[in-house]
Amino acid sequence: MYQKIKTFTWTLLYLLLWVRFFIAIFDPVTSGLSLEQGLAFYRDWRPAFDWIYAISGYIMVPVYWLYGWIGPLIPQNNWFPGIYVGQLLQLVVQLSASQPAIQSAFQTPFIQQGLVGYIDWLVLIAVLFYRGLSPIMDGLYDFLKNLVWNLMIEFSFTKTKESKYREALEKKASDLMKLNVEYRNLSKEASMLAHSVITDELTKVYNKRFFINKITECFQSAKQGKTILAIAMVDIDHFKKLNDNYGHLLGDKVLQAVAHIAKRNTPGDCFCCRFGGEEFSIIMPGKTTEQALQIASTIHRNLPLLRFEEDPELRVTASFGVCVADFRLDSAQTLNTFEDFIKLADDELYRAKLNGRNRIECNTLQ
């Protein structure tokens, strides 16, 4: 928009200055003559010419001011700041004395009567002045535009609104961060709660609730997928007598120690659970008879190594009943429920008790 206004204004200004320059050449008034001594055109349109002189005079004020400042420094002559056209014609005629055609052309009645005005060099200087002023005004305009724009942004409603939006956004970000922290805390609490639901409080191994869900899942998966499933039932020997002789506090310590040994020697893909009382169970998906017996043997060997401050001579042993079902075989497929599978392991545990305790008995369905 600014460029369009500037282009229009500058074009009008240059046009006005050039019109003034050319009408002054034919205007008898500019050379001190009467209107009757010039062309009739200047008598008929005198008000318009006076208006052009007045407007262009205001436009040329800076040039007049500059000329008034540097004028005394310029040698005085008949050529600057202007020259009468009649004098210029006389000079041309003198210079063309040897050219009769040129002399006759400049001595025609129209030339002699029409070119009676004044050539104003200051008008041409004004044109050059404003052409040089144009880029300066462009720079000033850009400076003022940026200044005004920055001030408007600094104090405008938009910045106030932006500040409010920023504050609201920061508050939302803070609230979101708090919610994220609360969510992580709740997630941690939920995880701990979920863990506590499936963990035995005393021994810190899986509880019976987890055992029932996991053996159900593993039994159905092994039977349908025709894979191997092994289970070991572990019962601490003479635990009732231990409780009667040492009390329940030491009995709890023994349970915790046995659970620790069993959990530490249970592979990561197996599950150590407290079945109830002094009895534990280890679910071993995919383990063969040899692998299941190796796991049970490792636990069995480590239990007598346990020592307790209350009685350093106390030795803890356990009886193991292991059952391995290879559901690729028809004999294993006869098992209908996980209860049937657990009963087979319990039977082996009972046989270990009858055979003197502190031993491992195993049944492999083949």
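Throughout, numbering of the chain's residues begins at 1 and tracks the sequence.
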Is any side-chain heavy atom of [Y] closer than 4.5 Å to one of [X]?
X      : Y      : result
Thr266 : Val205 : no
Gln220 : Thr216 : yes
Leu306 : Val258 : yes
Tyr130 : Pro62  : yes
Asp269 : Pro285 : no
Phe280 : Ile236 : yes
Ile295 : Val322 : no
Lys287 : Ile228 : no

Approximate separation, where rounding is to 0.5 Å, of [X] [atom1] and [Y] [atom2]:
X      : Y      : atom1 : atom2 : result
Met60  : Ile125 : CE    : CD1   : 8.0 Å
Arg264 : Cys272 : CZ    : SG    : 12.0 Å
Ile119 : Ile83  : CD1   : CD1   : 6.5 Å
Asn180 : Tyr183 : CG    : OH    : 9.0 Å
Leu255 : Glu279 : CG    : CD    : 12.0 Å
Phe210 : Phe271 : CZ    : CZ    : 5.0 Å

For the pair Lys171 and Asp175, find out whether any cationic side-chain nitrogen is under 4.0 Å from an anionic carboxylate oxygen. yes
Cluster overlap Leu344 with Tyr350, hydrophobic side-chain contacts below 4.5 Å: no
Could you see if Trp65 belongs to whatever hydrophobic cluster contains Leu124? Use Ile, Leu, Val, Met, Phe, Trp, Tyr and a side-chain cutoff under 4.5 Å.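 Yes: a chain of side-chain contacts under 4.5 Å links Trp65 to Leu124.
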Going by side-chain hydrogen bond (donor to acceptor under 3.5 Å, both in side chains), name the residues that satisfy it together with Asn245, two or more places apart in sequence or in a different chain.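 With neighbours one apart ignored, the set is empty.
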For Arg357, give me all partners under side-chain hydrogen bond (donor to acceptor under 3.5 Å, both in side chains), at least two apart in sequence or on another chain.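 Arg357 satisfies side-chain hydrogen bond (donor to acceptor under 3.5 Å, both in side chains) with no residue once adjacent residues are dropped.
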Please assess Ser281 against Ile231 for the test side chain to side chain contact (heavy atoms under 4.5 Å, CB included), listing each intermediate value before the final yes or no. CA-CA 7 Å; Ser281 177; Ile231 188 173; 3.6 Å; yes
Taking all atoms of both residues into account, what is the closest heavy-atom pair of [X] and [Y], and its distance?
X      : Y      : result
Cys362 : Thr289 : SG-CG2, 4.0 Å
Ala318 : Leu303 : CB-CD1, 3.5 Å
Ala292 : Val324 : CB-CG2, 4.2 Å
Arg301 : Leu305 : O-CG, 3.9 Å
Met233 : Ala345 : CG-CB, 3.5 Å
Gly251 : Asn243 : CA-OD1, 3.4 Å

Treating [X] as the side-chain partner and [Y] as the backbone partner, does any N or O pair qualify as donor plus acceptor under 3.5 Å?
X      : Y      : value
Thr11  : Thr7   : yes
Ser297 : Leu293 : yes
Lys204 : Ala259 : no
Asp340 : Leu335 : no

Criterion side chain to side chain contact (heavy atoms under 4.5 Å, CB included) on Tyr246 and Val254, from CA distance to verdict: CA-CA 11 Å; Tyr246 294 97; Val254 170; over 6 Å; no
Take the angle between the ring planes of Phe320 and His300 and call it parallel below 30°, perpendicular above 60°, tilted in between.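 Aromatic pair Phe320/His300 classed perpendicular.
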Working note: Leu329 + Leu365, criterion side chain to side chain contact (heavy atoms under 4.5 Å, CB included); need CA distance, chi angles, decisive distance, verdict. CA-CA 8 Å; Leu329 306 176; Leu365 297 179; over 6 Å; no
Apply side chain to side chain contact (heavy atoms under 4.5 Å, CB included) to Val181 and Lys178, showing your working. CA-CA 5 Å; Val181 172; Lys178 291 179 181 178; 5.7 Å; no
Would you find more than 12 non-hydrogen atoms of other residues, nucleotides or ligands less than 6.0 Å from [X] atom [atom1]?
X      : atom1 : answer
Arg315 : CZ    : yes
Gln333 : CD    : yes
Lys353 : NZ    : yes

Give the C-alpha distance, both sets of side-chain angles, the deciding distance and a yes or no for salt bridge (charged side-chain N to carboxylate O under 4.0 Å, His left out) between Arg351 and Asp347. CA-CA 6 Å; Arg351 189 153 65 95; Asp347 291 343; over 6 Å; no
Can we call the ring centroids of Phe327 and Phe219 under 6.0 Å apart?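 Yes - the distance between ring centres of Phe327 and Phe219 falls below the 6.0 Å cut-off.
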Candidates Val127, Leu128, Leu122 - the one meeting side chain to side chain contact (heavy atoms under 4.5 Å, CB included) with Val63: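 Among the candidates, only Leu122 passes.
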Arg274 and its side-chain hydrogen bond (donor to acceptor under 3.5 Å, both in side chains) partner, picked from Asn207, Thr203, Asp200, Thr199: Asp200
Are Asp235 and Ser319 linked by a side-chain donor-acceptor pair shorter than 3.5 Å?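 No pair is found: no donor N or O on one side chain lies under 3.5 Å from an acceptor on the other.
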What pairs of donor and acceptor atoms, side-chain ones from residues 13-28 against any protein atom, are under 3.5 angstrom apart with sequence neighbours left out?
unit_1: Tyr14; atom_1: OH; unit_2: Trp10; atom_2: NE1; d: 3.0
unit_1: Tyr14; atom_1: OH; unit_2: Arg131; atom_2: N; d: 3.3
unit_1: Arg20; atom_1: NH1; unit_2: Tyr53; atom_2: O; d: 3.2
unit_1: Arg20; atom_1: NH1; unit_2: Ser56; atom_2: OG; d: 2.8
unit_1: Arg20; atom_1: NH2; unit_2: Tyr64; atom_2: OH; d: 3.2
unit_1: Asp27; atom_1: OD1; unit_2: Val29; atom_2: N; d: 3.1
unit_1: Asp27; atom_1: OD1; unit_2: Arg46; atom_2: NH1; d: 2.8
unit_1: Asp27; atom_1: OD2; unit_2: Arg46; atom_2: NH1; d: 3.1
unit_1: Asp27; atom_1: OD2; unit_2: Arg46; atom_2: NH2; d: 2.8
unit_1: Asp27; atom_1: OD2; unit_2: Tyr53; atom_2: OH; d: 2.8

